[in-house]
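None of the values given here were measured: they were computed from a predicted structure.
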Amino acid sequence: MTDTDGAATRANSFRTGPDEDGRFGIFGGRYVAETLMPLIRDLETAYFAAKDDPAFIAEMAELRTHYAGRPSPLYFAARLSEHLGGARVYLKREELNHTGSHKINNTLGQILLARRMGKRRIIAETGAGQHGVATATVCAKFDLPCVVFMGATDVERQRPNVLRMQMLGAEVRPVTAGAGTLKDAMNEALRDWVTNVETTYYLIGTAAGPHPYPLMVRDFQKIIGEEIRAQMQAAEGRLPDALVACVGGGSNAIGTFYDFLDEPSVRIYGAEAGGHGIEVENGHAASMTGGRPGVLHGNRTYLLQDADGQILEGHSISAGLDYPGVGPEHSFLHDKKRVTYVPITDKEALEAFQLLTRLEGIIPALESAHGLAQVMKLAPTMRKDETIVLCLSGRGDKDVDSVGRYLGMNA
Amino acid sequence: MSTRIADTFAACAKAGRPALGIFTMAGDPDLETGLAILKALPAAGADMIEFGMPFSDPMADGPGVQAAGLRALRAGQTLNKTLAMVAEFRKGNDTTPVVLMGYYNPIYSHGVDAFLEDALAAGVDGLIVVDLPPEEDSELCLPALGAGLNFIRLATPTTDDQRLPMVLRNTSGFVYYVSMTGITGAAIKSHAAVGAAVKRIKGHTALPVAVGFGIKTADDAARVGRDADGVVVGTAVCNAVANSLADGRATAGTVGAVTALVRDLAAGARRARS
């Protein structure tokens, strides 16, 4: 009966995906043009060979420790906890990583892979610029030419990151199509990739896109949750009661959640971009709360779309969450009701941004502020001996200009 | 399965010339003008029509086709309207194949079974869906073949001999060879390489091989059509529409601009093997 038991265990696990076709339930897959398919298959082969190769594992470990600065601290936010008057709130300080966000976890892994595959040129898309900066950084370190596609709207609202990328030697190509946000940047990156497929590695920044990207990005980000487990054991002697992370494409969220998916006592929340409000037509970027399954950018996932299957632009104050889709594993976890995805409005995120800045002296990225806003709702409903861990995925230096404008502060 | 595609390639082969496929975006620049363009194509020399289903995020298309899709969407084009245009076209033409070309999400949103039923009823002969490689055949390819619609696959310069049989396995009607690694409207770098690729594919299949991407002029059609069973022109058609507009709207010259281009391309195709 061992086999049956094993099958039953697997059937009850939330951590069995993706299957060999890259699917998490009905989500995921490989919906790309034929030109890219041979490369996607090569990438899958190269990744599976690398991930179990001791040399690759050792190089990643070395870079994580001495270049990225891992492990990132788990910080007990005493004043924030006291202010909210409920659960003890811990912050997983991913914003203290080199480059200022969790994005470096993934770009280090993929740049090593690109080198193993003999690729000579790197392209990436970016929304808030955090992934663009993390990509430009590893390209500088490994001496590879780098082109970052960024929506023209985002170039405007995330100016400091544009300058950082340029100083790191990357070429930033503003994309004016559509609303000039992350979706449009990804379209343009895919067009470049189709054109330069022989030489070019597409370094996708989130846990979305065609298989094997969602798997690969999750694998490179899951260290966040693994560290949280060990650090909470040291701090509290037990598992956290709740986890919270913001979800755009969802890479910091899946990295935070993955290690805990099969721990039923841990409640898990993903904060989507509620923009002007979920009831406002095309006024938010909450693809799971306000969208339905469709196919875009290589995978089936929840998408913001009109009745005819045309993709909507969506809206968020946060460039990093301003995307009409989400990683396919989140769509799966949403359908399975393992993770609760909630919309957070621009206004709520701005309030959270200010609260953390004043109470803890930590300026969060607007993306991470969405997760914090959910913590502000959740903590007061929990007992004082319960704990919440928020993934503070990025720092907010890039946002001070735009937040200042929203708040009417004159510099 | 309709025989319009097979009949067309056979007739062109008998006449010693490649079939001329013309891509036009459904509803560009508006429904009425788009329908007039569609109806005018066969008489201007189009042997086969690739009818674009506009999509908000056309990841394999260059600026010319992107702009055409946006014009159509802004004018209110939908998948139902596209299918209705084909049905209207069929009232006056029962011989010219119409192949719908686009991306998967609007079809998925419509519902695959309903879409296949509606497309068959409208008189569609085949489908080209850019983001459905053989790995995703169960989505639409197999249901389409089962329903009696041709599913035309793209083969590309990156499709090597090892992968080609997989790409060809569930392909019907013809094989669409993408002349380059790139997006629609870019330039062909080597005509010799395109000719060699067509011969390579023909070594693996008895289906006709049509070449698209990068064919803009009558001379291009003549050169590529020497080796290929068909040539497909799209971006040049979209650009002809764009250049005929005034303040973004159709003019009296819009349909004529397209038919003039198609007549020229047809002349190029006719001299391909002479």
Might you point out which heavy atoms bring [X] and [Y] nearest each other, and give the distance in Å?
X	Y	result
A:Ala185	A:Phe149	CB-O, 3.5 Å
B:Ile188	B:Ser179	CG1-OG, 3.4 Å
B:Pro208	B:Gly173	CD-O, 3.4 Å

Which atoms of [X] come close to chain A, meaning under 4.5 Å heavy atom to heavy atom: side chain ones, backbone ones, both, or neither?
X	value
B:Val129	neither
B:Phe55	both
B:Leu73	side chain
B:Pro54	backbone

Taking side chain as everything from C-beta outward and backbone as N, CA, C, O, which of these in [X] sits under 4.5 Å from a heavy atom of chain B? Side chain, backbone, both or neither.
X	value
A:Ala189	neither
A:Ile311	both
A:Leu39	neither

Which of residues 195-215 of chain A get closer than 4.5 angstrom to chain B, counting heavy atoms alone?
->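 Under the 4.5 Å heavy-atom cut-off, A:Thr195, A:Val197, A:Glu198 qualify.
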Applying the side-chain contact (heavy atoms from CB on, under 4.5 Å) test to B:Ile22, which of B:Val232, B:Val231, B:Val237 qualifies?
-> B:Val237
Just wondering, more than 12 heavy atoms not from A:Arg292 lying within 6.0 Å of its CZ?
->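 Atom CZ in A:Arg292 is packed in, count exceeds 12.
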Side-chain donor-acceptor contact under 3.5 Å, [X] with [Y]:
X	Y	answer
B:Arg163	B:Thr158	no
A:Tyr31	B:Glu139	yes
A:Asp42	A:Thr45	no

Of the listed residues (B:Gln66, B:Gln162, B:His110, B:Arg153), which shares the most heavy-atom pairs with chain A below a 4.5 Å separation?
-> B:Gln66
Best-contacting candidate, B:Asp160, B:Leu132, B:Thr159, against chain A by heavy atom pairs under 4.5 angstrom = B:Thr159
Charged N to carboxylate O under 4.0 angstrom, A:Arg23 versus B:Glu136?
->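 A salt bridge links A:Arg23 with B:Glu136.
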Ion pair B:Lys202/B:Asp227, N-O distance below 4.0 Å =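 Looking at B:Asp227 together with B:Lys202, the answer is no, because their closest N to O distance does not fall below 4.0 Å.
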Among A:Pro293, A:Gly298, A:Pro38, the residue with the most heavy-atom pairs under 4.5 Å to chain B is A:Pro38
Go through A:Asp306, A:Val32, A:Leu190, A:Leu36 and name the one with the most non-hydrogen pairs under 4.5 angstrom from chain B.
-> A:Val32
Taking the six-membered ring for Trp and the full ring for Phe, Tyr or His, determine whether the centres of A:Tyr302 and A:Phe27 are under 6.0 Å apart.
-> yes
